[in-house]
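This report refers to the structure that appears directly beneath it.
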Amino acid sequence: MVEIEIDGQKVAVPPGSMVMHAAEKAGVYIPHFCYHKKLSIAANCRMCLVDIEKAPKPMPACATPVTMGMVVRTKSDKAIRAQKAVMEFLLINHPLDCPICDQGGECQLQDLAVGYGGTRSRYEEEKRVVFHKNVGPLISMEEMSRCIHCTRCVRFGQEIAGVMELGMSHRGEHSEIETFVGATVDSELSGNMIDLCPVGALTSKPFRYAARTWELARRRSISPHDSTGANLIVQVKGDRVLRVVPYENEAVNECWIADRDRFSYEALNGPDRLTRPMVKQGGQWHAVDWKNALEFVANGLQGVRERHGAGAIGLLASPHATVEELALARALMAGLGSPNLDHRLRSHAFDNAAPAGRARWLGLPIAELSQLERAFVIGSNLRKDHPLFAQRIRQAARKGAQVSALVAQRHDWAMPLHAVLQAPATHWVEALARVAVALAEERGVARPLGTEAVAADDTARAIARSLLGGQHKAVLLGNAAAHHERAASLLALAQWIAQQTGARWGYLTEAANTVGAQLVGALPGEGGLDAQRMLEGTLKAVLLLGVEPGADTAGDGAALRQAELVVTLSPFKTNLDISDVLLPVAPFTETSGSFVNAEGRLQSFQAVVKPLAETRPAWKVLRVLGNLLQLPGFEYETSQQVLAAALPGVADGGFVPAERLDNATAAVVDLTPAGRVPCVASIYQLDALVRRAPALQATADARAARAEAAQGVSA
C-alpha cells in the first residue's frame with residue numbers, strides 16, 4: 001500500500017492508484033467533470049487540479065499516480081485559483097440557458113459554478129454555436145453548445161456499451177461530439193449516456209420539457225423486464241411516471257440500466273391503458289363495475305367446473321408477473337381443483353423442469369459474470385436478450401476472458417469472441433455434442449452417452465480447449481436454449497461440459513420472475529396441461545394473467561376462441577378478439593410485489609403512483625376472486641403476507657435458499673433434430689410494456705425485428 005497525505009489526513013491506497021482514488025477513500029471531495037469511477041481516465045476537463053507539494057504547477061487528481069509520502073492539498077489557494085480558472089474557461093462558450101435546460105437542478109456544471117464560478121465573464125466575444133443533431137428517438141442532442149467535451153459519453157460507448165457510436169471531431173473551438181456519417185445512436189444501453197453527461201448536452205428525448213427535476217418525487221422500484229432485476233428510481237409528478245433512472249446496486253446492475261428499463265414507462269401513460277372492467281355481451285364490449293365483472297367471472301368458472309369438470313379450466317401466467325400474483329394464481333387453480341397452470345409461454349418442450357419446489361437459475365452470482373475468465377454461451381443473442389449481463393461479460397472480455405458461443409445467427413455482441421459455433425437452431429444438440437466430444441478427446445475420458453456417432457470439428461476443439469483453461473468459468477444457456485424442443489438434451493450436455501471443465505452452469509433466464517415463477521409452482525400439476533396444450537383450445541375456461549397470445553407465446557392462441565370463457569387480466573386493452581372479460585390490473589409502478597432475479601435474489605418493491613382510474617393490483621383481484629369462489633387460503637390483507645406464505649424466510653434483497661436452486665439433470669442426450677425453431681422475443685417485444693413504448697418501438701432494433709418478422713426470420 002502507498003500512504004499519502006490529503007488535506008492533513010493520512011490515507012493508504014494500492015500502488016497505481018490516482019490521487020482521486022485516495023481522495024475518495026479519505027472522503028475528500030475534489031470537483032470534477034470528466035472523471036467517472038466506471039470509465040477510463042481522460043483528464044479532459046482539468047477541473048480536478050490540486051496542489052501537490054514540490055510539484056511546479058497544479059496537477060489533475062484523476063491522472064496523477066500516488067507516490068509514497070505525497071502531500072496533497074485540495075483547498076489551498078493555489079488549488080482553488082486553478083479550479084476557478086478552469087471553470088472560467090468552461091463557461092466562456094457555455095450558453096448559460098439554465099432556465100430552459102432539462103438538466104437544470106441536477107447539473108454538475110451548475111452546481112460547481114456556484115462554488116468556483118465568477119460573478120461576471122471577462123470575455124465579450126460571441127459564443128460558439130453547435131448545431132443540433134438527430135441521433136435517434138431516445139437521446140436528444142438539441143443543445144450541443146452546452147457540451148464541455150468531457151468525453152464521458154464517448155468512453156461509455158467504447159468501454160461499457162462496446163460500440164463507439166459517439167466521438168470527437170475537429171480541433172480547438174471547432175471540436176464537437178457527434179456520430180459519424182449521420183449515424184444514429186443504437187446501443188441498447190445508450191440512455192446511460194444521459195445520466196453520465198455532467199451538463200445538459202445529452203438529454204432524454206421522451207422526457208424533454210416534461211417537468212423540472214425539483215417537481216419530481218423519487219421512488220425506488222425494480223425493473224419488470226429481463227432477469228437482471230435492475231434497481232430503478234422512478235420519478236413521478238402527481239400520479240404520472242415521467243422518468244426512470246438507475247439506482248446504484250453494485251451486486252446487480254451497478255449504476256447502469258438498459259434502455260427498455262429506462263423508456264418503457266411511456267406505455268404507462270399511453271392510450272392503450274385499460275381503465276375499467278369490461279364484459280363482452282352480444283359481441284359488444286360494455287364497461288361494468290368491479291363487483292359485476294368479478295361475479296361474472298366467478299359464476300362462469302363455477303359453471304364450467306360443474307358442466308365439464310375442473311380439468312376444463314386453465315391459467316396462463318406471464319413470467320413478468322410478481323411472486324405474489326403467481327402464488328395466488330396457483331392457489332386459485334388448486335382451489336378450483338385444476339392442474340392446468342403454466343408460465344413457460346414460449347417453450348416448445350416441457351420435460352426440463354427442475355424438481356418440484358426448485359428452480360433453474362443462473363448458477364452463479366450476477367456480479368461474478370464480470371470476473372469470468374472463460375464463458376460459453378449457448379442459444380442466446382446475449383447483447384439484446386440480457387443487455388446488463390452482456391455488459392458484465394464484456395468487462396470480463398476486456399480483461400482477457402475468452403467468450404465462446406453456440407448460435408444460429410452471428411450477431412454483433414460488441415465484444416471479442418474466442419470461437420463461434422454456428423449451426424441451425426434445430427441442430428444445436430448435435431453441435432453442442434461436438435464440443436463435448438472434443439472435450440472428451442482432450443481429457444481422455446469417455447464421451448457422454450448418446451454421442452457415439454458425433455465427430456468434433458476445429459471450432460468445437462477451440463471451445464473445448466478454451467474451457468479447459470482459466471479458473472473462473474461458466475456455461476450459460478440462453479432464452480432460445482430454454483425454449484428449445486431439445487432443452488433437456490442441451491442442459492444435459494451443458495452440465496457434462498461444465499463438470500468436465502470445472503465450470504458452473506445455468507440459465508440466463510428470460511423474464512423478471514422466471515425463477516420466482518418456478519419457486520411458487522406456477523407449473524402444471526399432476527396430469528395438468530402445459531402452456532402449449534392449453535393454447536391448442538382444449539379448455540372451456542382460460543384465465544390470462546398478463547399474457548397476450550401470439551406476442552408472449554409460441555402459438556398464436558387463436559384456438560382460445562373455442563373456449564366458453566376467456567378472462568384477460570392486463571393493464572392494457574388487449575386480447576379483444578378472444579376474451580369475454582377484461583380486468584384492468586396494475587403494472588409494476590401501481591402495485592407492490594416481488595421478483596426473483598436470475599441469481600435467486602428476491603427484490604420487493606412498492607407502488608410509486610396510485611392505480612390509474614379503476615385499475616387494481618392483480619394480487620388483490622385474484623384474492624377477491626378466490627373469496628367469491630369461497631376457496632380457502634385467500635385471507636391475505638397485504639402483498640407482504642402473500643409473499644411470506646409463498647417464500648417463507650426469504651428477506652427483501654436476500655437469496656432463495658441454495659437447496660431450492662437446482663440446475664442438475666439426468667436427461668439422456670437426444671441427437672434427433674428439433675422440428676421447430678425456438679420462439680424468442682426480440683429486445684423490444686419482450687413484454688407488454690416495451691411493446692407499447694413509442695420511443696423504443698422507433699429504435700433501429702425494433703425496426704429490424706419487425707422487418708425480420710415480416711420476412712419470417714426467427715428472432
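- A distance-only check finds a donor-acceptor pair linking the side chain of Asn597 to the backbone of Arg601 [under 3.5 Å].
- Between the CD1 atom in Ile139 and the CD atom in Glu165 there is a gap of 8.0 Å [rounded to 0.5 Å].
- Side-chain N/O atoms of Gln685 and Arg706 include no donor and acceptor closer than 3.5 Å.
- Looking only at side-chain heavy atoms (C-beta outward), Val585 and Pro617 stay at 4.5 Å or farther from each other.
- Thr184 and Asp186 share a donor-acceptor pair across their side chains, judged by distance under 3.5 Å alone.
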Checklist line | Test log, rule side chain to side chain donor-acceptor pair (under 3.5 Å), inputs Thr514 and Thr509 | finding: CA-CA 6 Å; Thr514 298; Thr509 72; 5.1 Å; no
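- Donor-acceptor pairing under 3.5 Å is recorded for the side chains of Glu254 and Gln391.
- With salt bridges taken as basic N to acidic carboxylate O contacts below 4.0 Å, none links Lys133 and Glu178.
- Between atom NZ of residue Lys573 and atom CZ of residue Arg692 there is a gap of 11.0 Å, rounded to the nearest 0.5 Å.
- Side chains of Arg262 and Asn192: a donor on one and an acceptor on the other come within 3.5 Å.
- Residue Ile683 holds its CD1 atom at 8.5 Å from CZ of Arg383, rounded to the nearest 0.5 Å.
- For the pair Ile366 and Leu362, the minimum side-chain heavy-atom distance is below 4.5 Å.
- No side-chain donor-acceptor contact under 3.5 Å links Arg616 to the backbone of Pro611.
- A salt bridge links Glu548 with Arg691: at least one charged nitrogen is closer than 4.0 Å to a carboxylate oxygen.
- In this model, a donor atom of one side chain and an acceptor atom of the other lie less than 3.5 Å apart for Ser223 and Asp261.
- Expressed to the nearest 0.5 Å, how far SG of Cys153 lies from CE of Met193 amounts to 6.5 Å.
- Leu232 contributes atom CG, which lies 12.0 Å from atom OH of Tyr247 (distance to the nearest 0.5 angstrom).
- Side-chain atoms of Ser594 and Glu324 include a donor-acceptor pair closer than 3.5 Å.
- Judged by distance alone, the side chains of Glu614 and Thr275 never bring a donor and an acceptor atom under 3.5 Å apart.
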Note to self: Using ring-ring contact (aromatic ring centres under 6.0 Å, His included), reason through Trp256 and Phe156 one step at a time and then give a plain yes or no.
What the structure shows: CA-CA 11 Å; Trp256 318 118; Phe156 173 83; 5.1 Å; yes
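- By the 4.0 Å N-to-carboxylate-O rule, Asp102 lies too far from Arg208 to be salt-bridged with it.
- In this model, no donor atom of one side chain and acceptor atom of the other lie less than 3.5 Å apart for Asn231 and Glu248.
- By the 4.5 Å heavy-atom criterion applied to side chains, Phe595 and Pro224 are counted as neighbours.
- Using a cutoff of 4.0 Å between basic side-chain nitrogens and carboxylate oxygens, Arg344 and Glu510 are not scored as salt-bridged.
- Using a 4.5 Å heavy-atom cutoff, the side chains of Leu242 and Phe207 are in contact.
- Salt bridge annotation for Glu106-Arg218: present, with a cationic side-chain nitrogen under 4.0 angstrom from a carboxylate oxygen.
- Asp259 and Ser190 share a donor-acceptor pair across their side chains, judged by distance under 3.5 Å alone.
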(Q) Does Arg152 form a salt bridge (charged side-chain N to carboxylate O under 4.0 Å, His left out) with Glu159? I'd like the steps, not just the answer. (A) CA-CA 10 Å; Arg152 279 185 176 185; Glu159 299 165 15; over 6 Å; no
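- Remark: the His225 side chain and the Ser264 side chain contain an N/O donor-acceptor pair separated by less than 3.5 Å.
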- Where do Gln409 and Glu708 land on the side chain to side chain donor-acceptor pair (under 3.5 Å) test, with the steps shown first? CA-CA 13 Å; Gln409 300 177 56; Glu708 287 185 355; 5.5 Å; no
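- Expressed to the nearest 0.5 Å, how far CZ of Arg155 lies from NZ of Lys38 amounts to 14.5 Å.
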